[in-house]
Number of protein chains: 4
Amino acid sequence: MATDAAGPDGNVPVDKMPRTERGRRTQRAILDAAAAEFGEKGFHEGSISGITRRAGVALGSFYTYFDSKDAVFRALVADMSAQVRDHVAPAIRGADGRIAAERAGLLEFIRFVRTHKEIYRIIDEAEFVDPASFRRHYSTTAERIAARIRTGPEDAQAEVHAWAIMGMNVFLGLRYGVWDEDRSPEDVADVIASLLARGIFGSREGAKGAKEGI
Amino acid sequence: MATDAAGPDGNVPVDKMPRTERGRRTQRAILDAAAAEFGEKGFHEGSISGITRRAGVALGSFYTYFDSKDAVFRALVADMSAQVRDHVAPAIRGADGRIAAERAGLLEFIRFVRTHKEIYRIIDEAEFVDPASFRRHYSTTAERIAARIRTGPEDAQAEVHAWAIMGMNVFLGLRYGVWDEDRSPEDVADVIASLLARGIFGSREGAKGAKEGI
Amino acid sequence: MATDAAGPDGNVPVDKMPRTERGRRTQRAILDAAAAEFGEKGFHEGSISGITRRAGVALGSFYTYFDSKDAVFRALVADMSAQVRDHVAPAIRGADGRIAAERAGLLEFIRFVRTHKEIYRIIDEAEFVDPASFRRHYSTTAERIAARIRTGPEDAQAEVHAWAIMGMNVFLGLRYGVWDEDRSPEDVADVIASLLARGIFGSREGAKGAKEGI
Amino acid sequence: MATDAAGPDGNVPVDKMPRTERGRRTQRAILDAAAAEFGEKGFHEGSISGITRRAGVALGSFYTYFDSKDAVFRALVADMSAQVRDHVAPAIRGADGRIAAERAGLLEFIRFVRTHKEIYRIIDEAEFVDPASFRRHYSTTAERIAARIRTGPEDAQAEVHAWAIMGMNVFLGLRYGVWDEDRSPEDVADVIASLLARGIFGSREGAKGAKEGI
DNA sequence: AATGAATGAGAATTCATTCAT
DNA sequence: GATGAATGAATTCTCATTCAT
């Protein structure tokens with residue numbers, strides 16, 4: 001995990017940092033329970049008592065580690081955000097060529113959400129619970145993509161492309177990762193790689209170029 | 001507008017259907033007020049009393065026309081969903097060629113959200129308030145796109161492309177329609193048209209093809 | 001029916017008395033609908049709109065004929081109270097002997113409640129809605145019984161006996177008239193006639209005496 | 001007392017069971033307050049806030065111990081039901097002979113209701129609030145009586161007699177215990193004992209037999 | 001650190017009654 | 001007479017947060 005709890009930017013305030021090993025375990029248990037609770041019921045329907053029940057601790061113990069319901073949520077968004085990044089980054093770095101990198105990113109993203117379906121409910125709900133977290137998550141993600149695809153300092157299209165790619169990924173992850181698994185992640189990634197390489201109709205002849213590393 | 005209030009699929013139950021002209025006006029006022037309230041505060045922070053205050057009617061009058069807070073929300077999602085569709089459809093129909101159609105769709109979509117910024121808060125929050133509405137909205141939208149771009153009955157990529165296009169549009173609308181207006185809708189639409197036509201790097205030379213109607 | 005609507009003692013106030021034949025029909029429809037509504041749902045769960053819906057008239061029309069929810073209820077209690085009395089009275093008058101009269105009263109009472117199961121919900125709920133109606137109903141009923149069984153002006157036991165008989169009848173009506181019909185009214189009436197004639201254990205040899213008219 | 005709070009059958013759900021002594025005291029205070037509130041105002045007119053005010057606790061504390069207004073009510077019916085039973089049982093067991101047992105039961109019942117006048121409002125209102133409790137209360141009471149008076153396995157009249165006796169008791173308790181105390185409980189019990197022993201007219205000569213233990 | 005009882009502000013919902021048409 | 005829209009007071013229930021032990 002990248003971060004542990006939640007200040008304004010998703011980090012736990014110092015005075016809530018567990019001092020003992022036992023404390024650390026309890027805090028981790030609460031954060032995991034919160035992911036389960038919010039992933040299942042959403043932020044508003046989820047409750048602190050639901051979290052502590054899942055974590056197997058007393059209600060009051062929650063406030064030993066987090067300042068408020070909002071605070072765990074922020075910590076959670078930061079945590080999930082970091083998790084996706086950490087999961088996807090190595091594959092992107094290992095890819096040969098720009099299109100291949102985006103292909104790898106999408107592929108790993110779909111794989112990741114298939115095993116962490118709660119991520120959508122958590123990150124999307126941030127739009128309502130903590131808009132700053134939400135914006136930060138997507139802005140930094142888009143910037144990362146833009147940095148990868150930018151062809152030079154003059155490239156004015158990179159930002160638009162980055163948002164487009166991010167949007168594709170998010171919706172394809174929802175459709176083929178969370179809602180249904182009726183198509184393999186590799187297949188989806190191939191189709192998109194070809195789209196990025198040759199456009200939407202050029203791709204209808206086959207999406208092999210991506211693998212050759214353009 | 002397509003629908004007026006809200007049953008399970010977003011339609012008002014018969015026993016809530018206004019029988020007089022006066023009733024019809026009141027119901028419309030409440031639905032508009034709900035769009036404002038939820039768009040501004042979100043579903044959970046928004047309140048029935050906030051809605052009736054905006055609508056200028058008594059609290060109890062709300063229940064003359066809607067069964068519950070959830071019900072107006074459903075009606076609203078159906079209503080907004082229909083509004084975007086109705087706004088974008090003519091431009092798409094009038095476009096010359098497939099790529100041009102998608103370009104027109106995105107262009108009008110960004111224009112629409114610039115004047116209806118509340119649409120994101122409303123449709124996105126449906127994921128938590130009424131998942132069925134949320135899924136229906138995006139599934140039907142994707143199907144509509146797929147129908148436009150499908151090259152033939154064998155075209156297995158159309159669905160993936162449709163979800164990709166929808167994802168691009170949604171995120172570009174958020175970025176360049178709601179969050180910031182630092183780039184013209186036409187510019188964004190051109191960039192994407194080129195991407196669809198020639199791929200991400202082919203497009204770096206210019207997105208003129210779209211206008212010629214491919 | 002004996003009475004039509006509801007003042008403090010269960011009669012409709014003059015200004016609510018229908019002047020036309022059409023009005024009379026509407027009022028009767030409302031009263032019958034109220035019996036159904038309250039019998040089915042009870043006073044508190046029952047609603048004016050439920051009544052008018054059953055009666056097939058507009059909500060506002062209710063107030064043309066009754067002053068309030070309490071008022072219909074009072075009218076109803078008076079109405080049902082009179083109905084039982086009117087149904088049971090002839091049988092009692094026609095009976096040969098005191099025990100036979102009580103037997104006939106119970107027999108007809110059970111028969112009556114089997115076809116008017118709502119009577120319990122209505123009269124019993126009066127204890128909470130309109131204690132005066134409730135008390136009046138049982139007091140006058142007890143007095144009627146006492147008058148029948150009193151052996152003379154000195155008979156101090158008659159009142160106690162009357163309440164005892166009324167209590168038996170009410171509970172036997174509930175058990176063998178409303179809740180279950182697993183024993184014939186005649187059978188029940190025979191058992192009680194014998195109890196009244198010879199006591200609880202004397203009766204175990206048979207309850208024939210009642211028929212002979214003691 | 002037999003039960004403390006209220007599930008479907010009048011028992012508190014486990015998750016509402018107080019874990020500390022302090023909790024136990026609070027729950028008891030709320031239950032007593034509910035008896036007072038409902039006894040005085042009835043179920044529908046009584047309010048949760050009325051209960052917590054009487055109990056001297058915060059409104060929200062009510063829900064720490066009971067799931068709903070209905071739930072306390074159920075708990076209360078079970079509680080009162082058990083209280084009468086526990087109050088009357090020893091006198092019945094100590095009586096010499098069957099008639100004497102019934103006499104003792106009635107006597108103690110009248111005495112009990114004189115000091116717990118709220119019992120009628122509570123148990124009778126169960127007919128509307130929680131029919132299952134109501135039926136359970138009277139069914140088990142009748143069975144207990146039947147078991148006492150049954151002369152043998154063939155005795156088909158016992159059940160009818162049991163309901164008759166219960167009905168007498170309930171109405172005599174209402175008349176001479178709750179509404180008016182113009183006749184001593186002993187006197188009433190004597191009259192009924194004689195009725196049970198010799199029938200209604202046999203008893204006019206005197207009800208001495210009961211005391212001799214028939 | 002951990003526990004769980006206590007708090008009370010806040011919101012949705014119901015429905016008898018009034019009234020303009 | 002009939003209609004049905006409008007009103008708003010009243011109440012139940014939820015739950016984040018605090019605090020004494």
Side-chain angles (χ1 to χ4, degrees), chain A residues 18-20 22-23 25-27 44-52 56-72, chain B residues 15-16 18-27 44-52 56-71, chain C residues 18-20 22-23 26-27 44-52 56-72, chain D residues 15 18-27 44-52 56-71:
Chain A
R19 301 226 161 288
T20 70
R22 183 195 185 193
R25 273 203 313 280
T26 304
Q27 187 183 44
H44 284 99
E45 299 307 309
S47 67
I48 305 287
S49 78
I51 293 172
T52 54
V57 301
L59 178 56
S61 298
F62 176 88
Y63 290 90
T64 305
Y65 298 106
F66 296 94
D67 279 328
S68 65
K69 193 186 182 185
D70 276 73
V72 229
Chain B
D15 69 314
K16 298 277 166 174
R19 276 157 162 51
T20 68
E21 178 50 30
R22 183 193 185 195
R24 213 142 17 240
R25 274 200 312 278
T26 303
Q27 187 182 45
H44 285 98
E45 299 308 310
S47 69
I48 307 287
S49 74
I51 293 172
T52 53
V57 301
L59 179 53
S61 296
F62 174 89
Y63 291 92
T64 305
Y65 298 105
F66 297 94
D67 279 328
S68 64
K69 193 185 182 185
D70 275 75
Chain C
R19 301 230 162 284
T20 70
R22 182 194 184 193
T26 303
Q27 186 181 47
H44 285 99
E45 300 307 309
S47 67
I48 306 288
S49 78
I51 293 172
T52 54
V57 301
L59 180 54
S61 297
F62 175 88
Y63 291 90
T64 306
Y65 298 104
F66 296 94
D67 280 328
S68 65
K69 192 183 184 187
D70 277 72
V72 228
Chain D
D15 70 314
R19 276 157 163 53
T20 68
E21 178 50 30
R22 185 192 182 193
R24 213 145 13 243
R25 273 200 313 278
T26 304
Q27 187 180 47
H44 285 99
E45 300 308 310
S47 69
I48 307 286
S49 73
I51 292 172
T52 53
V57 300
L59 178 54
S61 296
F62 175 88
Y63 292 92
T64 305
Y65 298 105
F66 297 94
D67 279 328
S68 65
K69 193 184 181 185
D70 275 73

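By convention in this document, chain letters (A, B, ...) are assigned in the order of the sequence lines, proteins followed by strands, and residues within each chain are numbered from 1.
The 5' end of DNA chain E is approached more closely, in terms of each residue's nearest nucleotide, by A:Gly60 than by the other of A:Gly60 and B:Ser49. Nearest-nucleotide assignment on DNA chain F puts the 5′-proximal partner with C:Thr26, out of C:Thr26 and D:Leu59. Residue order along DNA chain E, read from the 5' end via each residue's closest nucleotide, puts A:Gly56 first among A:Gly56 and B:Tyr63. For B:Ala58 and C:Gly23, each mapped to the nucleotide of DNA chain F holding its nearest heavy atom, the one lying further toward the 5' end belongs to C:Gly23.
Side-chain N/O atoms of C:Tyr65 include one lying less than 4.0 angstrom from OP1 or OP2 on F:dA2. At E:dA2, one or more side-chain N or O atoms of A:Arg22 fall inside 4.0 Å of OP1 or OP2 (strictly under the cut-off).
Residues D:Thr52 and D:Ser49 share a closest heavy-atom pair of OG1-O, 3.2 Å. Contact record, C:Gly23 with C:Thr20: N-OG1, 2.9 Å, taken as the closest heavy-atom pair. For the residue pair D:Lys69 and D:His44, the shortest heavy atom distance occurs at NZ-O, 3.7 Å. Considering every non-hydrogen atom in both B:Gln27 and B:Tyr65, the closest pair reads NE2-O, 3.6 Å.
Between the CD1 atom of C:Ile51 and the P atom of E:dT17 there is a distance of 11 Å, given to the nearest Å. Atom NE2 of B:His44 is separated from atom P of E:dG10 by 18 Å (rounded to the nearest Å). For the pair C:Phe62 CZ and E:dA16 C1', the interatomic distance rounds to 9 Å; values are reported in whole Å. Distance, D:Phe66 CZ to E:dA6 P: 12 Å, rounded to whole Å. At whole-Å resolution of the value, CD in D:Glu21 and P in E:dG4 are 16 Å apart. At whole-Å resolution of the value, CD in A:Glu45 and P in F:dT14 are 12 Å apart. Rounding to whole angstrom units, CG of residue B:Asp70 and P of E:dA11 are separated by 16 Å. Between A:Gln27 atom CD and E:dA2 atom P the separation is 11 Å, expressed in whole Å.
Nucleic acid contact class of A:Gly46 (heavy atoms, under 4.0 Å, all strands): sugar-phosphate only. Contact annotation for D:Ile48: backbone-only contact, meaning every heavy-atom pair under 4.0 Å involves sugar-phosphate atoms and none involves a base. C:Ser61 comes within contact range of at least one nucleobase, with a heavy-atom separation under 4.0 Å.
Among the nucleotides E:dA12, E:dA2, F:dG4, the one closest to the side chain of B:Lys69 is E:dA12. Between F:dT7, E:dA6, E:dA1, one nucleotide has an atom nearer to the side chain of D:Thr64 than all others, and that is E:dA6.
Of the nucleotides present, F:dA20 is the one that pairs with E:dT3 by Watson-Crick or G-U wobble criteria, both distances under 3.5 Å. In this entry F:dT14 has E:dA9 as its Watson-Crick or G-U wobble partner, both defining distances falling under 3.5 Å.
The shortest side-chain heavy-atom distance between B:Ile48 and B:Tyr63 falls under the 4.5 Å cut-off.
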